[in-house]
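What follows is one structure encoded as structure tokens, with my remarks underneath.
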Amino acid sequence: MNIMSAFELSEQEIQRRESLNKLREMGINPYPADLYPVTDYATVIKDKFEEGKQVCLAGRMMSQRDMGKASFAELQDSSGRIQLYFNRDEICPGEDKTMYNQVFKKLLDLGDFIGVKGYMFTTKVGETSVHVQEFTLLSKSLKPLPLPKTDAEGRIHDAFTDPEMRYRQRYADLVVNPHVKEIFIKRTKLFTAMRQFFNDAGYMEVETPVLQPIPGGAAARPFMTHHNALDIPLYMRIANELYLKRLIVGGFDGVYEFSKNFRNEGMDRTHNPEFTAMEIYVSYKDYNWMMDFTERLLEHCAMEVNGSSETTFGEHKINFKAPYKRVTMRQSIIDFTGFDIDGKSEDELFNAAKGMGIAVDTTMGKGKLIDEIFGEKCEGNYIQPTFITDYPKEMSPLCKEHRDNPELTERFELMVCGKEVANAYSELNDPIDQRERFEEQVRLAEKGDDEAGQFIDYDFLRSLEYGMPPTSGMGIGMDRLIMYLTNNPSIQEVLFFPQMRPEVHTVKVELSDNEKVIFDIIQKEKTMDLNALKMQAGLSGKQWDLSIKALTKQGLLKVTKNGDALTAELL
RNA sequence: GAUUCCGUAGCUCAGCUGGUAGAGCAAUACACUUUUAAUGUAUGGGCCCUGGGUUCGAAUCCCAGCGGGAUCACCA
């Protein structure tokens, strides 16, 4: 054991390494290569209990209760936990009791992976357990898990709750917090349910580029990278919309993609730099059809994930049962402010918004002003799933103009708990109109509207010129949806590895300047009075204290006490 | 980006108006052949986030930094 590792490892980590070495000395490989013939799972054999049934299972040992010549332990596998019963004379039928006394009781630690063979039985107290006849160490754990305990009333003690540690060490979080694992199982169920729904409808899952020469389909700051061979800049996608539409041009009836998108913007409890959107495009449909489709989809997903269309989010009970209310944006604003935006000029909208106490400025166009009013006064009121329809044209450069009103678009957003969950259009397929809308966006961007797109994707326009059938498209924020379905207010809870600032490791190897000062003085004297040394060093009280402690700890210096006199001695 | 709270043993947390650190669980040792937050006895374990300052003396007070949480701002 050298000094360095003594500094880095805790007492328990050192002990576990020593156990590891002892096991090796006994000829037990702590990391065997051979497969373990698992035939059973903890919760399955508990639920379908058969007295005396032979079982073989593997997992982590999560608790140990030593009763002398018998012991109880708990094994945790992917399905859950089951109690194990170890009896010394059955584990070790002969004279040699090493496997029980040494290996099981001393050298195994909580968190170790073991395999056990034995038979099912029920203890006196009524706990279904495995009577172990043979156990095998499958993998040694060198770091103690942050292990919570659950008492008789089901209360959890010493829960591993620190969000920073849970996110940075998600592997440990998943081992000790079963409810966290449950969130991610539901997340995968959601994806499966959606795939199934789309596939049953006859639509095709596709993959489109993550590295894009022009980051289109949304307005957001992209992550930039560089391709060396081509010597060109590339962008991580902020959306996949324009590529999926190209595929509709190519003749597919319906295409969808679960798209990891990347946006170089702020992070908070609802935003992560990379997140997952699902987008689907179906030809010969419009946004009215898409509303029917979306509400059926979400009802199906809620049922598959939670077994019910109802779910709880914070203080709200949400019901995803179709159909959902449909409200135009105009009507919504009338409902909550009494103001009718229809036919109003930019000035009238500006004054109306200002009158409502909304922070406005002169760069805002009609669309932006309407959006602000809606966002401030209406959005938050829609708790149950509600479609808000017919958005102003200016805000929706990829959306078809409304069939009855040229100032509006055929767009809807699905609001749940006052937040947007889905966004859909009757897709704009007029290539000339699309070109003009892109050019308008560039003008807005040049004027300083940082929400407008700065790039024109001419290849996309070319594809539209070949002709795109009438199409409706819809996007869902998957992270946000799973937050609702699992009652989590934070996106970090539904991502395995949310983005975090990297950990910094500062390993102090050399002596600090202050420590050197003290060390240099005492090196000449070998031993001297502690107070004299302090005087000579001329350090502040805190610096002195820290430095002398550090030197003592590193074994370079020793302080001895004789009566009142303190003496420092060089070692 | 702003405000605010937090950072102490492997984990969860105490630590008062400044006097060189405590508990429970976990660990180590011993006892115990159906326990289950097992129990009993004993023992070990701390860069008190980092750096600076005030002070005879700082985990504690002050300043700065780092990391995290919450709220707000931003967010097609």
Has the side chain of A/Q441 got a donor or acceptor atom sitting under 3.5 Å from an opposite partner on the base of B/A76?
yes

In terms of the nearest nucleotide of RNA chain B, which residue is placed more toward the 5' end: A/R501 or A/M267?
A/R501

When you measure from the side-chain N and O atoms of A/R65 to the phosphate of B/U35, is any distance below 4.0 Å, counting only OP1 and OP2?
no

Using atom C1' in both nucleotides, what's the gap between B/U20 and B/G57 to the nearest angstrom?
9 Å

Does B/G69 have OP1 or OP2 sitting under 4.0 Å from an N or O in the side chain of A/R166?
no

Count the heavy atoms of every other residue, nucleotide or ligand shown that sit under 6.0 Å from NZ of A/K143, and state whether that count exceeds 12.
no

Remember a base hit wins even if backbone is also touched, and classify A/F121 as base, sugar-phosphate or nothing at under 4.0 Å, heavy atoms.
base

Under a 3.5 Å limit on both distances, the Watson-Crick or wobble mate of B/C30 is B/G40

At their closest point, which heavy atom of A/S141 faces which heavy atom of A/L110, and how far apart are they?
OG-O, 4.1 Å

Report the base-pairing partner of B/G67 (Watson-Crick or G-U wobble, both distances below 3.5 angstrom), or none.
B/C6

Send over the distance from A/E265 CD to B/A76 P, rounded to a whole Å.
8 Å

Rounded distance in Å - CE (A/M395) to P (B/A76):
7 Å

If you take atom types as modelled and just measure distance, does the side chain of A/D268 reach the base of B/C75 with a donor-acceptor pair under 3.5 Å?
no

Using whole Å, what does the distance between atom P of nucleotide B/C11 and atom CE of A/M165 come to?
5 Å

Could you give the distance separating B/U4 and B/A64 at their P atoms, to the nearest angstrom?
12 Å

Write down the distance separating the P atoms in B/C11 and B/C47, rounded off to the nearest Å.
11 Å

If you compare every side-chain N and O of A/K149 against the phosphate oxygens of B/G24 (OP1, OP2), does one of them come in below 4.0 Å?
no

Need one value for A/Q83: base, sugar-phosphate or nothing, where a base atom within 4.0 Å counts as base even if backbone is also close, heavy atoms only.
base

What about A/Q15: does its side chain form a donor-acceptor pair under 3.5 Å with the base of B/U28?
no

Looking at every strand, decide which applies to A/R269 at a 4.0 Å heavy-atom threshold: base, sugar-phosphate, or nothing.
sugar-phosphate

How far, in whole Å, is B/C25 from B/A42 if one measures between their P atoms?
13 Å

Ignoring hydrogens, what is the shortest heavy-atom contact between A/N240 and A/N261? Give both atom names and the distance.
N-OD1, 4.5 Å

From CA spacing to verdict: side chain to side chain contact (heavy atoms under 4.5 Å, CB included), A/I333, A/C378
CA-CA 6 Å; A/I333 292 173; A/C378 310; 3.9 Å; yes

Side chain to side chain donor-acceptor pair (under 3.5 Å) evaluation trace for A/R88 with A/N101:
CA-CA 8 Å; A/R88 186 192 69 182; A/N101 283 336; 5.3 Å; no

Any N or O donor-acceptor pair linking the side chain of A/E11 to the base of B/G44 at under 3.5 Å?
yes

On a heavy-atom basis, the closest approach of A/I476 and A/M474 is CG1-SD, 3.3 Å

Can you check whether any acceptor in the base of B/G69 is under 3.5 Å from a donor in the side chain of A/D162, or vice versa?
no

Any A/R168 side-chain nitrogen or oxygen under 4.0 Å from OP1 or OP2 of B/G67:
no

Under a 3.5 Å limit on both distances, the Watson-Crick or wobble mate of B/C47 is none

Rounded distance in Å between the C1' positions of B/G46 and B/U36:
32 Å

Using a cut-off of strictly less than 4.0 Å, decide whether A/K106 has a side-chain nitrogen or oxygen near OP1 or OP2 of B/C30.
yes

